[in-house]
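A short write-up of the structure that comes next.
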Amino acid sequence: TGPEGRQKHVSLRMAPLRTNGGEYLGYVGTLEDISSGVGGEQAIDKELSLRRATEDRLASVIDAGRIGAWEWDIRTHEFYFSSRWLSILGVTGPARIGRPDEWLKRVHSDDIRGLREAIELCLSGASEQLSHEHRILHENGTYRRVLLRGVAVRGAGRRPVRMAGS
């Protein structure tokens with residue numbers, strides 16, 4: 001509420017502030033009054049429209065690059081598989097939500113230990129990025145060599161809440 005007693009609409013954008021070594025210092029952000037000008041609801045609609053456009057552009061880039069995208073919600077154990085990611089495995093159909101074990105059970109037995117170690121290094125913060133090459137079982141019974149890349153997205157207390165990658 002502003003000084004005149006009217007409710008205001010604001011846009012808050014924040015990002016963690018860290019040293020070059022990764023030490024958490026706090027947050028830095030901006031707070032913008034979006035209730036003036038075109039009106040609060042119109043500004044919110046405009047912000048949502050811009051976000052949708054950004055998501056559409058990202059989806060187009062992923063499709064054009066023929067990238068198999070994935071996302072793992074560590075808290076719920078849900079694993080998002082893009083349709084391209086599934087097609088690499090010979091699985092047809094649209095993108096869907098599944099479980100991490102649907103992916104991990106396909107990894108070649110000689111490669112699973114190294115993959116789990118790479119994931120743990122990323123989750124623990126010892127490595128900023130996940131990068132691991134391994135063999136994964138295709139629907140036709142053959143193994144395909146893939147390069148997995150990803151990052152851990154951290155929440156409060158720098159605890160990993162999800163991983164995302166290609």
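Values in this document were obtained by computation on a predicted structure and should not be read as measured data.
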Could you measure the distance from the [atom1] atom of [X] to the [atom2] atom of [Y]? Nearest 0.5 Å is fine.
X	Y	atom1	atom2	result
R51	K46	CZ	NZ	14.0 Å
L130	S166	CG	OG	9.5 Å
S83	R96	OG	CZ	11.5 Å
S124	R158	OG	CZ	10.5 Å
R106	R144	CZ	CZ	11.0 Å

Give me the atom names and distance for the closest heavy-atom approach of [X] to [Y].
X	Y	result
L89	L137	CD2-O, 3.9 Å
S82	I67	OG-O, 4.2 Å
D110	R135	CB-NH2, 3.4 Å
W72	P100	NE1-CG, 3.3 Å
Q129	C122	C-SG, 4.1 Å

R154 side chain vs L123 backbone, donor-acceptor pair below 3.5 Å =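 Pair found, side chain donor or acceptor close to backbone of L123.
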ask   = Can you tell me if R99 uses its side chain to pair, donor with acceptor, with the backbone of H77 under 3.5 Å?
value = yes
Could you see if [X] belongs to whatever hydrophobic cluster contains [Y]? Use Ile, Leu, Val, Met, Phe, Trp, Tyr and a side-chain cutoff under 4.5 Å.
X	Y	result
L104	F79	yes
W70	I112	yes
L121	L148	no
L86	I88	yes

message = Using 30° and 60° as the class boundaries, would you call the ring planes of Y143 and H108 parallel, tilted or perpendicular?
response =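 If you compare the ring of Y143 with that of H108, the planes turn out perpendicular.
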Parallel, tilted or perpendicular, as decided by the 30° and 60° cut-offs, for the rings of W103 and W85 = perpendicular
side-chain contact (heavy atoms from CB on, under 4.5 Å) between V91 and E102, intermediate numbers included = CA-CA 12 Å; V91 177; E102 291 180 60; over 6 Å; no
ask   = Would you call R162-E78 a salt bridge at under 4.0 Å N-O?
value = no
message = Can you tell whether the side chains of R113 and E117 come within less than 4.0 Å, N to carboxylate O?
response =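 Between E117 and R113 there is a salt bridge, with a charged N closer than 4.0 Å to a carboxylate O.
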query = Considering only heavy atoms from C-beta outward, does the side chain of I74 approach that of M163 to under 4.5 Å?
reply = yes
task = Could you check I97 against D73 for side-chain contact (heavy atoms from CB on, under 4.5 Å), going step by step and ending with a plain yes or no?
result = CA-CA 10 Å; I97 302 293; D73 186 323; over 6 Å; no
key: side-chain hydrogen bond (donor to acceptor under 3.5 Å, both in side chains) evaluation trace for S87 with R84   = CA-CA 5 Å; S87 74; R84 175 65 184 142; 3.1 Å; yes
key: Derivation of the side-chain contact (heavy atoms from CB on, under 4.5 Å) call for E133 and V146   = CA-CA 6 Å; E133 188 173 329; V146 296; over 6 Å; no
